Amino acid sequence: PPVALYVHVPFCVSLCPYCDFVVYAGSAARGPAARVDAFTDALLTEIVLRADAADAAFGRPGTGSRPALESVYLGGGTPTLLPSSSIAAILDVVRARFGIAPGAEVTIESNPGADERGDARALVATGVTRLSLGAQAFDPAILRRLGRRHRAADVEAAVREARRAEVRSISLDLLYDAPGQTLDAWAATVDEAVRLGVDHVSAYA
């Protein structure tokens with residue numbers, strides 16, 4: 001039986017040149033032509049269909065050998081581009097149909113920019129326990145090279161907001177071996193992550 005669920009939200013404000021994930025950027029993510037609401041409706045239907053299949057194969061969650069989920073991960077893309085009400089609706093359906101165990105880790109990915117990171121308090125209210133911030137770097141030149149829209153100061157602000165909102169765990173995604181990045185620059189990146197006092201770092205080449 002399933003013990004974890006990954007939900008992919010394929011929207012970003014812009015597409016980073018190193019990204020290999022399924023992403024729809026620009027007008028699909030924001031504005032009058034945005035597909036966010038239509039996607040959310042389809043996603044809720046898909047979750048129900050998957051839950052029906054799991055019920056048929058393993059029984060209802062919380063019965064017999066069918067445990068509630070220990071991990072739910074909303075990745076992307078930038079899931080925090082969805083309204084908090086949509087995130088709540090997604091997690092409510094997951095909770096009702098799959099079950100979410102007490103103490104389960106419920107993660108949402110976010111970009112650190114002020115217009116992309118969402119409302120940390122609202123995220124906690126939906127049941128999010130872990131925030132994964134796509135910092136990638138702190139050096140302005142490397143951030144530009146990576147196509148990132150945020151500044152280093154935005155990462156610190158996002159971490160501070162998450163702490164105030166009592167997000168249980170804060171993680172940073174960091175990229176090493178970026179074009180033109182020296183070993184000293186990578187060491188400075190790690191030092192900054194340590195200074196921010198985050199709970200976890202995921203490092204990617």
Side-chain angles (χ1 to χ4, degrees), residues 6-44 46 72-91 106-126 128 130-165 167 170-176 178-181 189 192-193 196 198 201-205:
Y6 174 78
V7 179
H8 186 72
V9 180
F11 297 107
C12 280
V13 176
S14 59
L15 184 62
C16 298
Y18 59 85
C19 181
D20 288 328
F21 294 104
V22 176
V23 171
Y24 296 90
S27 62
R30 280 186 172 167
R35 302 296 296 156
V36 171
D37 289 343
F39 168 82
T40 303
D41 289 343
L43 174 62
L44 293 173
E46 178 76 11
V72 180
Y73 195 106
L74 279 66
T78 311
T80 48
L81 291 181
L82 269 59
S84 297
S85 58
S86 296
I87 295 168
I90 292 166
L91 291 176
V106 180
T107 299
I108 191 166
E109 290 185 346
S110 176
N111 281 336
D115 62 338
E116 298 178 68
R117 62 180 174 250
D119 181 332
R121 290 191 187 280
L123 292 174
V124 170
T126 69
V128 168
R130 180 174 179 266
L131 184 65
S132 178
L133 290 165
Q136 315 309 358
F138 296 101
D139 181 273
I142 294 175
L143 285 171
R144 284 193 300 272
R145 198 169 299 131
L146 294 172
R148 304 299 289 168
R149 300 176 70 251
H150 67 272
R151 301 167 302 140
D154 292 324
V155 181
E156 182 165 5
V159 170
R160 190 166 56 246
E161 285 179 16
R163 288 291 184 217
R164 282 200 299 262
V167 175
I170 302 170
S171 178
L172 293 185
D173 284 359
L174 299 176
L175 286 173
Y176 64 90
Q181 185 183 47
T189 298
E192 181 63 9
L196 290 175
V198 296
V201 170
S202 292
Y204 303 94

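Quick caveat: nothing in here was measured; it's all calculated off a predicted structure.
- The CG atom of L143 sits 4.5 Å away from atom NE2 of H150, with the distance rounded to the nearest 0.5 Å.
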Run D154 and E116 through side chain to side chain contact (heavy atoms under 4.5 Å, CB included) and show every step you take.
CA-CA 10 Å; D154 292 324; E116 298 178 68; over 6 Å; no
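- Counting heavy-atom neighbours within 6.0 Å of R160 CZ, excluding the residue itself, gives a total above 12.
- In this structure, T78 OG1 and R117 CZ are separated by 13.5 Å, a value rounded to the nearest 0.5 Å.
- In this structure, the side chain of S202 does not engage the main chain of D173 through any donor-acceptor pair within 3.5 Å.
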Evaluation steps, side chain to side chain contact (heavy atoms under 4.5 Å, CB included), between L82 and I90:
CA-CA 10 Å; L82 269 59; I90 292 166; 3.8 Å; yes
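- Taking the six-membered ring where tryptophan is involved, the planes of F39 and F11 are perpendicular, since the angle between them exceeds 60° and thus also 30°.
- Using a distance-only test at 3.5 Å, with no hydrogens or angles considered, a donor-acceptor pair links the side chain of R145 to the main chain of P179.
- For the atom pair L74 CG and T126 OG1, the distance stands at 8.5 Å (nearest 0.5 Å).
- With rounding to the nearest 0.5 Å, the separation of CD in E109 from CZ in R130 is 9.0 Å.
- At distances below 3.5 Å, at least one donor-acceptor pair connects side-chain atoms of H8 with backbone N or O atoms of V22.
- Taking a cutoff of 4.0 Å between a charged side-chain nitrogen and a carboxylate oxygen, D115 and R30 qualify as a salt bridge.
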What do the steps show when you test E192 against V155 for side chain to side chain contact (heavy atoms under 4.5 Å, CB included), and what is the final call?
CA-CA 10 Å; E192 181 63 9; V155 181; over 6 Å; no
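- Although no hydrogens or angles enter the test, the distance criterion places no donor-acceptor pair under 3.5 Å between the side chain of N111 and the main chain of G113.
- For OH of Y24, the number of neighbouring non-hydrogen atoms (other residues, nucleotides, ligands) closer than 6.0 Å is 12 at most.
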In residues 131-138, what donor-acceptor pairs under 3.5 Å come from side-chain atoms, sequence neighbours left out?
none

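- Proximity of a side-chain donor or acceptor of D41 to a complementary backbone N or O of A38 within less than 3.5 Å is not detected.
- Residue L196 holds its CG atom at 6.5 Å from CG of L172, rounded to the nearest 0.5 Å.
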